[in-house]
Every structure is written in structure tokens, then in C-alpha cells.
Amino acid sequence: MSQFDTLFDRKAGNARKWADQVLAEKFGLTPHAIPMDLADLDFPVAPPIHQAMMARAAVPDYSYTYIPEAFYAAVIAWNARRFGLKLEKDWIKLSYGTVPTLHYLVQAFTAPGEGVLINTPAYDPFAEAVQNNHRQLVTSPLVLKEGQYFFDYTDMATKMQRPDVKLFILCSPQNPSGRVWTAAELAKVAELCRQHHVLLVSDEIHRDIVYPGVNFTSIWQADPAIQSQSILCLSPNKAFNLGGLKTSYVVIPEPAIRDRLSQQFSANSITSPNSFAVPALIAAYTDCDAWLDEMVAYVAANFDYLKKRLAAIPEMKVMPAESGFLAWIDTHRLFPDEASMKQFFTPADLSCVVGSYFVADGDGFVRLNIGMPRPLLKEAVDRILATYAKWPTMEKDPRQTERITE
């Protein structure tokens, strides 16, 4: 039995994903629901992190903090050991969550009305960081070919040629699909940014959860020259389930870019870190390699389990994934619209993220979080299959709309 088969009560920790009130208000679900929407893990935190938290909690001082040398040493060692990236201390800036950091980046490197390019479908906070700051969202749809996403370089080049487009936010690995971009693909993206003088922000927070046998390449490894024109967004939050600590960091080799972001941090009063954030990161990056490797293998097996069992539903096509704990599923043939999709998952007492959440080009898809103990995943899939057995597909019954509203 794997340590990741263990079920534990996440409601006891005030986890938003499992809150009865949230599940009822947002999805119309019961206290027996299995949430598969929010992108966090349903595993107990790695023991070394828990021990570090307990040791820190035992110190009766939760006042203002600073960033110790041990933080930088842990970050530098982790990136070298796990990813072959050689970082320098001065390049590293601690921030409070990747999503807020995207807002700071948009504020620092664009002016109101200027354009920020993203690929779609995309994690919606990418768009929010642009639109909430009164910048213009510019999208370049990914091309879906043979069940996998690819960049449309011609379209990206056309968008980057626009004089108002100053920033490109790359998601690598890609959310929601779990696609791991190849070195050649990333090199072409970097080349376009350099050619059109667009600052590249590479969000690589899912890189720690790349499946066995798959090679992750950082944008800096694909094209070392892009270092002077790019920013890496990194974080232990996804892999080690530390989202509540709001711990992330950016890495910026170019002094002028780094200084400009530092000024923005000061304008937004980004000061001392959470008392528990730094000890958690140090523990994760120092003592949790074996835990992470086992967790990633477990999640990869979860993905295979889901894909094999959902093969019983021919109208659901699970996109092959190479990373992460999020399954991206094409349901065009099963649901005529998202209202029907919700009418499927609600009686099953499952929460999900519908495709329209992902800015554009996600219609007909659903994203399910599979980062959970296998017994819980089995129960969730059982519910999906049981609901499907009663579900009137368009092929079976043209009166679908009338029947599902009875």
C-alpha cells in the first residue's frame, strides 16, 4: 500500500476545495461531494515539511520576518539538482503566490492599454492579471492536432508584431492540458520573443510534476540567450501543496528587469514573508526529493487509471498528459453545452472546472483534478460511470434536452 492511498480529513484544515459551504454555493453539491475542481493535492503534506512546520510553530514568535541565506541556498541547490539550472542569489526574488506576481509583472512591464499575449486555452488568472490592470488581452489559440496541443507560431508572430504587445506569458508545462513543451518548441517561442522585443514570462510552476520518462526543458535551457529578456516564475506550491502559504519566487538574471520589478514590489508593499513560508520551502527543497518522486509516479498512475476506465465512455476523450494532476477531457460529443455538462456532474456529486473558465478555446472540455488517493479517485470514476449509464446521449435519444431537465 502506498503512503498516497491514505485518506484524511481535509475539511479539518479549512481547505477551500473541501468546504461544504463552498461546494454547496458554487456547485450545488452535498457534504458527500468529491471535489475535482481546485488545483491542489489531496495528500498529507510531506513529513519533512510537516516536521518543519511543527518546529516553527513551537517558537512563540510570529512577528515580521526576513529572508535568510538558507532560503537562497535551498532554491539554488534545488534548481541545480532537479533541473540543471544554475541560478545566482541576486537573481531570486521571493513573492507571495504566482497569481499575485503575474499582476505585479503586468503592472511593472506594461502600461494601461498595452497588450499582453497568452496562449489559449489558459488558466483564467493569466487573463485576470491583464484585464484587471486595464491592459489589453491578446490571445493566440493553441492548435489541437491528433489529440495534442501545439503552438501556432505564425499567429504568435503576427500578434507579437503589434507595437502595443509588450509581454508574453508562457505556461510551461501547460495548464490545463499537462503538455510538456519540447526544447525545439520552446526555442522557437524564445526566438519570436527576441525577434519582436517582447518580454517573456515563463510560468514553470508545474515543472516539479513531470511524469517518469518525460523530459522537462526550461525556456532558459531551450534558448540561453533569452535569459536577458525573460523572467521565470517558480514555486513549490503545486508539487508540495503549499498554496495556503503563498510561497513563490521569480528568477531574473537581467539587472534592469530585476530592478524594475523590485520597484513594483515596493509600490505594492511586498515586504516580509509569512512566518511559515520559508521553513516550508527549505524543507521541501532539502529533504523531500524521494517523497516527490513517489508522488509524481503515483499521480501518473492515477492518470492512466482514469484514462483506462473512462475509455468505457466513447464520448469522453482524455487528452494525453505528461505532467501535473489535472485531466483535460474533450466532451463535445456528450454534452451540447456547459449547462448539460453541469447537469451531469452535479447529480454525481462531483465538482469540476468547465472549459469556458480557460479564457477561450476550451468550450466542450472539462478539467478534473486527479491528485488524490486512488480509493477516492475510484469512487469518483464510479460515480461518473454510473451517471453515464443513465445519461441520454444525443446518439441514443434526440430528446436529450427535455429528458435531462425532468
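These values consider heavy atoms only, across backbone and side chains, with no hydrogens, waters or symmetry-generated copies. Because the structure is a prediction, the values reported are computed rather than measured.
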Would you call [X] and [Y] a side-chain contact if the rule is heavy atoms closer than 4.5 Å?
X      : Y      : value
His206 : Asn175 : yes
Ile76  : Ile92  : yes
Leu368 : Trp328 : no
Ile226 : Gln229 : yes
Asp155 : Pro141 : yes
Ile49  : Cys288 : yes
Glu294 : Ser2   : yes
Arg194 : Glu191 : yes

Does any N or O in the side chain of [X] come within less than 3.5 Å of the main-chain N or O of [Y], such that one atom is a donor and the other an acceptor?
X      : Y      : answer
Thr346 : Gln343 : no
Asn302 : Met372 : yes
Thr65  : Pro273 : yes
Arg56  : Val278 : no

Working for side chain to side chain contact (heavy atoms under 4.5 Å, CB included), residues Phe126 and Asp203: CA-CA 10 Å; Phe126 280 25; Asp203 174 359; 3.3 Å; yes
Arg258 with Glu254: basic N within carboxylate O range, under 4.0 Å: no
When rounded to the nearest 0.5 angstrom, what is the spacing between [atom1] in [X] and [atom2] in [Y]?
X      : Y      : atom1 : atom2 : answer
Met36  : Leu326 : CE    : CG    : 10.0 Å
Leu137 : Thr120 : CG    : OG1   : 8.5 Å
Leu234 : Glu204 : CG    : CD    : 6.0 Å
Ser351 : Phe27  : OG    : CZ    : 4.5 Å
Ser230 : Ile257 : OG    : CD1   : 7.0 Å
Ile67  : Tyr72  : CD1   : OH    : 4.0 Å

Provide the closest heavy-atom pair for [X] versus [Y] in the form atom of the first, atom of the second, distance.
X      : Y      : answer
Ala239 : Leu41  : O-CD1, 3.5 Å
Thr217 : Ser172 : O-OG, 4.4 Å
Leu245 : Ala280 : CD1-CB, 3.5 Å
Arg207 : Trp78  : NH2-CD1, 4.0 Å
Leu377 : Leu306 : CD1-CD1, 4.4 Å
Met319 : Gly147 : CG-O, 3.2 Å

Worked check of side chain to side chain donor-acceptor pair (under 3.5 Å) between His103 and Asn133: CA-CA 7 Å; His103 285 256; Asn133 287 291; 3.2 Å; yes
Steps toward salt bridge (Lys or Arg N to Asp or Glu O under 4.0 Å) verdict (Lys11, Asp9): CA-CA 5 Å; Lys11 295 180 183 181; Asp9 184 10; over 6 Å; no
Ring pair (Phe, Tyr, Trp, His ring centres under 6.0 Å) partners for His332, two or more places apart: Phe365
Other residues, nucleotides, ligands: >12 heavy atoms within 6.0 Å of Lys159 NZ: yes
More than 12 heavy atoms of other groups within 6.0 Å of Arg16 CZ: no
Proximity of Phe43 and Tyr298 rings by center, below 6.0 Å: yes
Centroid separation Phe83 to Trp220 less than 6.0 Å: no
Steps toward side chain to side chain contact (heavy atoms under 4.5 Å, CB included) verdict (Thr387, Ile384): CA-CA 5 Å; Thr387 303; Ile384 291 173; 5.9 Å; no
Side chains of [X] and [Y] only: does a donor on one sit below 3.5 Å from an acceptor on the other?
X      : Y      : answer
Gln174 : Ser177 : yes
Ser248 : Ser235 : no
Glu185 : Thr182 : yes

Asn215: partners by side-chain contact (heavy atoms from CB on, under 4.5 Å), with sequence neighbours left out: none
Ring pair (Phe, Tyr, Trp, His ring centres under 6.0 Å) between Phe216 and Trp181, worked out: CA-CA 8 Å; Phe216 171 79; Trp181 307 113; over 10 Å; no
Test salt bridge (Lys or Arg N to Asp or Glu O under 4.0 Å) applied to Asp208 and Arg82, step by step: CA-CA 8 Å; Asp208 296 304; Arg82 303 287 297 196; 5.6 Å; no
Full working for side chain to side chain contact (heavy atoms under 4.5 Å, CB included) between Phe150 and Leu142: CA-CA 6 Å; Phe150 295 87; Leu142 296 171; over 6 Å; no
Asp382/Arg309 under salt bridge (Lys or Arg N to Asp or Glu O under 4.0 Å): CA gap, chis, key distance, verdict: CA-CA 9 Å; Asp382 286 346; Arg309 291 202 62 196; 2.7 Å; yes
Establish, for the pair [X] and [Y], whether the NZ or CZ atom is under 6.0 angstrom from the six-membered ring centre and no further than 45 degrees off its axis.
X      : Y      : value
Arg367 : Tyr123 : no
Lys246 : Tyr96  : no
Arg374 : Phe4   : no

Worked check of side chain to side chain donor-acceptor pair (under 3.5 Å) between Gln107 and Asn268: CA-CA 10 Å; Gln107 293 164 6; Asn268 288 341; 2.9 Å; yes
Trace of the salt bridge (Lys or Arg N to Asp or Glu O under 4.0 Å) decision for Arg10 with Asp40: CA-CA 11 Å; Arg10 293 200 64 203; Asp40 63 14; 3.0 Å; yes
Stepwise side chain to side chain contact (heavy atoms under 4.5 Å, CB included) check, Lys188 with Phe151: CA-CA 10 Å; Lys188 181 63 175 177; Phe151 293 115; over 6 Å; no
Worked check of side chain to side chain donor-acceptor pair (under 3.5 Å) between Gln263 and Ser266: CA-CA 5 Å; Gln263 293 171 12; Ser266 296; over 6 Å; no
Pair Glu338-Ser356, side chain to side chain donor-acceptor pair (under 3.5 Å): steps then yes or no: CA-CA 8 Å; Glu338 287 188 349; Ser356 62; 2.7 Å; yes
